[in-house]
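Inspection log for the structure reproduced underneath, given as structure tokens.
Basis for what follows: all heavy atoms, side chains included, without hydrogens, waters or symmetry-related copies. Lettering follows sequence order; numbering is per chain, from 1.
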Amino acid sequence: MTTEPDKTDYKNTLCLPQTAFPMKANLYQRETEILRRWHEISLDQLIARKPSGNGTYILHDGPPYANGHIHVGHALNKILKDIVVRHRTMLDYHSPYVPGWDCHGLPIEQKVTSELGPKKASMTPLEIRRLCEQYARKWMKVQSEEFQRLGVGGMWDKPYLTIDPRVEASIVRALGELTARGYIYKGLKPVYWCVNCQTALAEAEIEYENCVSPSIYVKFPVCEPESRAATAGLLNPGIVIWTTTPWTLPANLAVSLHPDFKYVAIRVKTPRSSGDFQSDAKGDAEDWIVAKDLVDAFVKDADLGDTEIVREISARDLEHMQLEHPVQPGRTSVVVLGTHVTLDQGTGAVHTAPGHGIEDFIVCQEYGLPTIVPVDAAGRFTSEFQLMEGMLVWEANGPIVRYLDEKDILIRHKPYEHSYPHCWRCHKPIIYRATEQWFMNVDHDDLRKKSLAEIDASIKWIPKWGHDRIYNMIAQRPDWCLSRQRVWGVPIPAVDCKACGKAVLSPDVIAKFAAVVESRGTNAWFEDEVEAFLPDEFKCPDCGAREFDKEHNILDVWFDSGSTHVGVLESRPELRSPADMYLEGSDQHRGWFHSSLLISMAIRGKPPYREVLTHGFVLDGKGEAMSKSKGNVIAPQDVIKKYGADVLRLWVASQDHGDDDKVSNEILERVGEAYRRIRNTIRYLLGNLCDFNPATDTVPYEELTEIDRWALHQLHELVVNVARAYDEYEYHKIVSLTHPFCVVRLSAVYLDVLKDRVYCSGAKSHPRRAAQTAQYEIAQALLRMLAPILVFTCDEAYQLLDAETPSVHLRSYPQPPDRWRQPALAAEWERLLAVRADVLGALEDARKEKKAIGQSLEARVVIATADKTLMSLLTPRRDDLADLFITSQAELAAEPPAEDGAITRLQGERAHVTVYHATGSKCARCWKFSPSVGGGLSHPALCDRCADVIRRHY
RNA sequence: GGGCCUAUAGCUCAGCUUGGUUAGAGCGCGCCCCUGAUAAGGGCGAGGUCGGUAGUUCGACUCUACCUAGGCCCA
């Protein structure tokens with residue numbers, strides 16, 4: 001450059017930021033392009049081949065259910081897993097992620113059959129199963145695409161499905177091992193039963209409708225009242241129950257009282273049961289036992305008239321007492337205690353028929369009472385209730401009520417309207433009926449005890465309370481009912497002896513079946529005759545007969561997913577068991593964590609995982625559950641369209657997962673702001689590094705300026721703190737560490753102060769290279785630190801920082817050199833920045849009150865202090881203070897000057913800062929004011945520094 | 001009804017484990033500056049008494065009990 005540039009031309013001599021990294025992210029489109037690039041370079045395979053000096057880290061995917069599009073909960077879960085896996089990968093672990101799907105189960109079967117409508121009746125189980133499989137595969141593919149669109153990396157071309165024949169075979173074999181070890185037995189359990197369809201129903205197949213039932217109070221007379229203190233002396237005592245299902249009375253075995261309630265005997269003057277109190281002639285009094293708190297309600301509801309309390313009795317004093325059975329002559333009913341008894345309705349004494357109610361069943365089991373089921377599959381009484389054998393239960397209510405009345409134990413009978421479960425298909429009322437089911441004995445071989453011990457000792461639960469949650473569940477759970485009367489699932493290969501009816505579940509049959517499944521899938525059970533699965537010489541263990549029927553139960557789907565540690569972790573060469581981590585929502589303490597632990601403990605004697613990380617549920621902005629009816633659902637697909645997957649991922653990271661996660665438009669808007677801020681910081685760094693070649697331009701640490709070293713110290717601290725947050729899975733801390741770093745440390749201080757040096761010093765000058773060196777390190781660290789979270793953005797930016805590396809995801813977590821850590825320097829700078837804050841405050845006053853300055857370069861500041869500590873801090877840096885404050889001039893003085901400037905307090909009352917307009921003229925190039933402007937002959941519009949730069953470099 | 005959990009500025013989070021300065025940060029908001037990070041950047045400022053109540057204590061956001069609201073899982 002030979003002629004003097006005019007004012008505007010000086011701009012061309014500046015090094016302003018330049019970058020291809022756009023400010024506007026346009027993420028929705030850009031992410032798609034990045035995904036395509038990853039596919040083209042086979043990024044997943046490159047990652048798999050990345051050096052892994054720290055061994056393997058296995059996060060085992062809990063399989064989502066393959067129906068419907070993914071919702072935010074799925075997105076949250078998969079993104080968290082992705083962050084864990086990517087972070088481990090950057091820590092130089094080999095961390096293959098194999099996504100899975102849960103494909104069997106009622107929801108799919110229900111959906112498929114309801115779409116079939118009446119056609120279903122003419123279809124075979126096999127045909128329905130094929131449709132279910134199609135349905136599952138269709139949604140698995142949809143979800144796979146949706147998960148990948150979130151930036152979740154993994155072996156999407158080789159996922160595991162619970163309908164893979166090999167996985168199915170492993171599920172069957174797991175059942176076989178449990179059987180061989182004696183965990184499996186056949187027992188009774190009450191299930192919903194439709195007597196019209198003659199089938200068991202699941203909870204999801206029940207619809208509640210209002211209907212009218214008989215409501216009756218019935219007295220159970222005490223046998224031999226004089227033999228017990230509690231009832232001795234009472235008049236013809238009895239315990240009164242209330243029920244709306246008289247037909248279940250034949251199955252009654254007990255009367256339940258609450259162990260903590262108070263009971264009383266009330267004396268009733270006219271104990272007639274017809275309800276016609278007027279015609280009573282006997283005038284006898286009787287003593288009836290009911291809960292004290294329900295006396296008034298009972299007396300009123302049963303129209304008993306005057307009564308009096310004659311005695312208070314504790315439930316415990318009645319325990320084991322024998323009562324006369326109301327409808328089974330010669331039998332008795334026994335008093336038991338159970339906490340399921342409530343004071344909501346009735347008498348506080350509950351008619352208990354274990355064959356017809358789950359709570360009844362449980363309390364009777366505790367007392368060792370048998371389960372009798374006097375009702376057959378068609379809903380007719382069996383010989384177990386000879387009085388009305390063959391009668392349909394719904395028709396038996398009337399006769400039973402009359403029978404009670406004749407026995408003089410019916411107290412009151414009214415119609416009662418309430419909501420009652422009905423069959424979703426035929427809309428007829430359903431009953432509870434105990435049926436034969438296959439169970440896993442949770443206490444066999446101390447399984448429960450051993451599991452609890454492992455929960456205590458060897459598994460890390462994150463957050464900690466996960467321990468208490470699953471511990472209590474395992475400690476209290478009943479035996480696991482494994483069988484379902486459905487078609488879409490893994491068959492339980494049990495056979496029934498044609499001769500004696502014995503149900504046989506044999507490890508040998510299971511083994512033979514599993515071998516078939518391995519090659520043909522579980523459809524074989526429906527396709528082949530039973531003989532195909534019977535080993536040679538197989539005979540009934542009870543009667544020795546050789547003819548059998550196949551059973552048609554399938555396994556609970558929780559057994560499918562609960563055994564994936566066998567079928568997936570142990571079976572895949574790239575995986576292993578136990579996994580390092582299972583990571584799911586906190587509902588899985590009851591679900592997958594629970595089922596996986598029990599199966600693994602039973603057949604392997606060890607847990608399937610080392611750490612269990614749980615997250616909460618996604619709620620709306622008010623903290624309430626999202627639902628279609630509330631209209632507060634936020635779909636991940638919409639978030640991606642509007643903000644991009646990286647913003648969704650940043651939202652995931654920003655939430656504390658120790659409790660539930662809230663999402664709303666405002667929250668996403670805030671996250672979007674944070675994203676833009678981080679993105680812009682990165683963009684600016686890249687812009688300043690446009691001509692920086694780290695191989696040739698890096699300035700040695702010792703030659704950096706003080707503020708560069710301060711910045712690297714801050715970076716060191718950030719990297720260490722972020723590393724800790726990653727290690728502890730506290731990703732929200734990463735966001736709340738990194739974002740303020742970008743804003744407060746970089747934008748507001750370091751990068752702002754640096755502008756003069758970067759723009760004006762001359763492209764290849766040492767001061768500029770020093771600033772670039774620090775900025776390069778910051779960019780490197782920032783991009784690599786954030787890569788597991790902002791997978792797309794960091795990848796895109798890293799391409800511009802380091803074109804040699806195919807992707808940032810192939811790099812390792814940053815390891816800043818120890819010498820960057822300068823705590824003494826940092827402490828001094830904290831004080832220096834406090835001074836700076838006060839100066840900026842004074843500048844603001846000067847701007848506002850005196851209108852003395854506009855931009856800060858128009859100012860000259862004088863800091864006056866007598867404080868020696870402060871002086872010793874500032875004096876050695878007096879030549880750098882103007883730059884630090886981004887003013888043109890800064891001076892130190894011992895005394896505050898006269899009051900011709902704006903004065904503010906500084907550092908308590910130890911110093912004052914005075915703001916003047918800067919002296920000299922404004923340099924056309926660097927915009928700083930300087931007395932030297934105009935002094936140079938060749939560049940009269942420039943200050944000395946700029947004139948020198950121009951001379952040397954242009 | 002039971003088990004586990006949550007409740008700090010409009011939003012996301014600190015602080016509370018070891019009770020004691022004017023409860024912090026960023027975002028957002030208001031005002032101002034800049035126009036050489038520009039659908040950017042900088043500065044200043046206003047917002048919480050810590051879900052409620054009752055206790056323990058000289059003193060509680062921090063400990064205890066109860067209540068309310070909400071979440072998951074059971075019943």
Side-chain angles (χ1 to χ4, degrees), chain A residues 8 10-12 14-19 21-24 258 339-344 358-359 362 463-473 475-478 585-591 594 614-625 650-651 653-656 658-674 676-677 679-688 730 732-733 735-744 747-749 751-753 755-756 758-760 837 839-848 851 853-858 886 925-927:
Chain A
T8 53
Y10 284 122
K11 185 167 176 178
N12 300 328
L14 297 173
C15 301
L16 296 177
Q18 284 176 13
T19 176
F21 189 70
M23 179 182 295
K24 194 164 187 300
H258 195 290
T339 52
H340 63 289
V341 178
T342 69
L343 294 172
D344 296 341
I358 191 71
E359 287 172 325
I362 292 168
K464 304 195 272 300
W465 51 256
H467 167 274
D468 295 355
R469 194 167 152 90
I470 195 167
Y471 189 99
N472 289 339
M473 286 174 180
Q476 289 163 229
R477 68 155 301 145
S586 59
D587 56 334
Q588 300 304 331
H589 288 114
R590 187 58 169 192
H594 192 113
T614 53
H615 58 258
F617 274 65
V618 183
L619 308 176
D620 71 7
K622 292 178 199 154
E624 291 180 19
L650 189 60
W651 166 74
S654 71
Q655 294 276 323
D656 179 357
D659 63 332
D660 292 324
D661 301 306
K662 290 197 279 182
V663 69
S664 67
N665 286 328
E666 181 180 4
I667 292 169
L668 288 169
E669 204 59 45
R670 293 293 91 80
V671 175
E673 297 279 352
R676 276 158 51 190
R677 193 55 193 260
R679 182 184 179 86
N680 258 316
T681 306
I682 289 167
R683 175 173 181 268
Y684 186 64
L685 290 169
L686 292 175
N688 281 343
E730 305 211 292
H732 63 287
K733 288 188 179 165
V735 179
S736 63
L737 241 26
T738 309
H739 181 253
F741 177 81
C742 289
V743 175
V744 180
S747 277
V749 180
L751 298 178
D752 212 20
V753 168
K755 280 174 185 166
D756 179 73
V758 175
Y759 298 171
C760 306
V839 170
L840 296 183
L843 291 173
E844 189 65 19
D845 289 344
R847 227 178 334 252
K848 262 186 185 152
K851 309 261 184 222
I853 57 162
Q855 65 175 119
S856 58
L857 284 176
E858 289 172 32
I886 317 185
R925 184 168 177 272
C926 72
W927 295 351

Tabulate protein N/O versus nucleotide N/O from nucleotides 73-75 of chain B, keeping only pairs under 3.5 Å, one per line.
from   : atom 1 : to       : atom 2 : distance (Å)
B/rC73 : O4'    : A/Arg469 : NH2    : 3.4
B/rA75 : O3'    : A/Glu359 : OE2    : 3.1
B/rA75 : O2'    : A/Glu359 : OE2    : 3.1

Exercise. Using a cut-off of strictly less than 4.0 Å, decide whether A/Gln655 has a side-chain nitrogen or oxygen near OP1 or OP2 of B/rC13.
Key: yes

Quiz item: Would you say B/rA14 has OP1 or OP2 under 4.0 Å from some side-chain N or O of A/His732?
Solution: yes

Quiz prompt | Minimum-distance nucleotide (side-chain atoms of A/Asp752 versus B/rA37, B/rG42, B/rC5) | solution = B/rG42

Self-check item: Sole residue of A/Val758, A/Asp752, A/Leu751 in side-chain contact (heavy atoms from CB on, under 4.5 Å) with A/Lys755
Solution: A/Asp752

Practice problem: Taking atom types as modelled, find out whether A/Ser747 and A/Arg677 have a side-chain donor-acceptor pair closer than 3.5 angstrom. | Solution: yes

Self-check item: Separation of atom CD1 in A/Ile886 from atom P in B/rG41, rounded to whole Å
Solution: 14 Å

Quiz item: Within this structure, what is the CG-to-P distance between A/Asp661 and B/rC11, rounded to whole angstrom?
Solution: 16 Å

Quiz item: Are any of A/Lys662's side-chain N or O atoms less than 4.0 Å away from OP1 or OP2 of B/rU12?
Solution: yes

Quiz item: What nucleotide, of B/rC13, B/rA37, B/rC5, holds the atom closest to the side chain of A/Lys755?
Solution: B/rA37

Quiz prompt | For atom CD of A/Glu624 and atom C1' of B/rC72, their distance in whole Å | solution = 15 Å

Identify the pairs formed between an N or O of the protein and an N or O of nucleotides 32-35 of chain B at a distance under 3.5 Å, and give each distance.
from   : atom 1 : to       : atom 2 : distance (Å)
B/rC33 : O2'    : A/Gly854 : O      : 3.2

Self-check item: Stem regions touching RNA chain B, defined by at least 3 consecutive Watson-Crick or wobble G-U pairs below 3.5 angstrom
Solution: B:1-7 with B:68-74, B:10-13 with B:24-27, B:29-33 with B:41-45, B:51-55 with B:63-67

Using nucleotides 25-29 of chain B, report all nitrogen or oxygen pairs with the protein that are shorter than 3.5 Å.
from   : atom 1 : to       : atom 2 : distance (Å)
B/rG26 : O2'    : A/His739 : ND1    : 2.6
B/rG28 : OP1    : A/Glu673 : OE1    : 3.2
B/rG28 : O4'    : A/Arg670 : NE     : 3.4

Quiz prompt | Under the side chain to side chain donor-acceptor pair (under 3.5 Å) test, residues paired with A/Asp661 that sit two or more places apart | solution = A/His657

Quiz item: If you draw a 6.0 Å radius around CD in A/Glu673, do more than 12 non-hydrogen atoms from other residues or ligands fall strictly inside?
Solution: yes

Quiz prompt | Listed partners of A/His615 passing side chain to side chain donor-acceptor pair (under 3.5 Å), at least two apart | solution = none

Quiz item: Using a cut-off of 4.0 Å on non-hydrogen atoms, how would the nucleic acid contact of A/Gly623 be classed: base, sugar-phosphate, or nothing?
Solution: sugar-phosphate

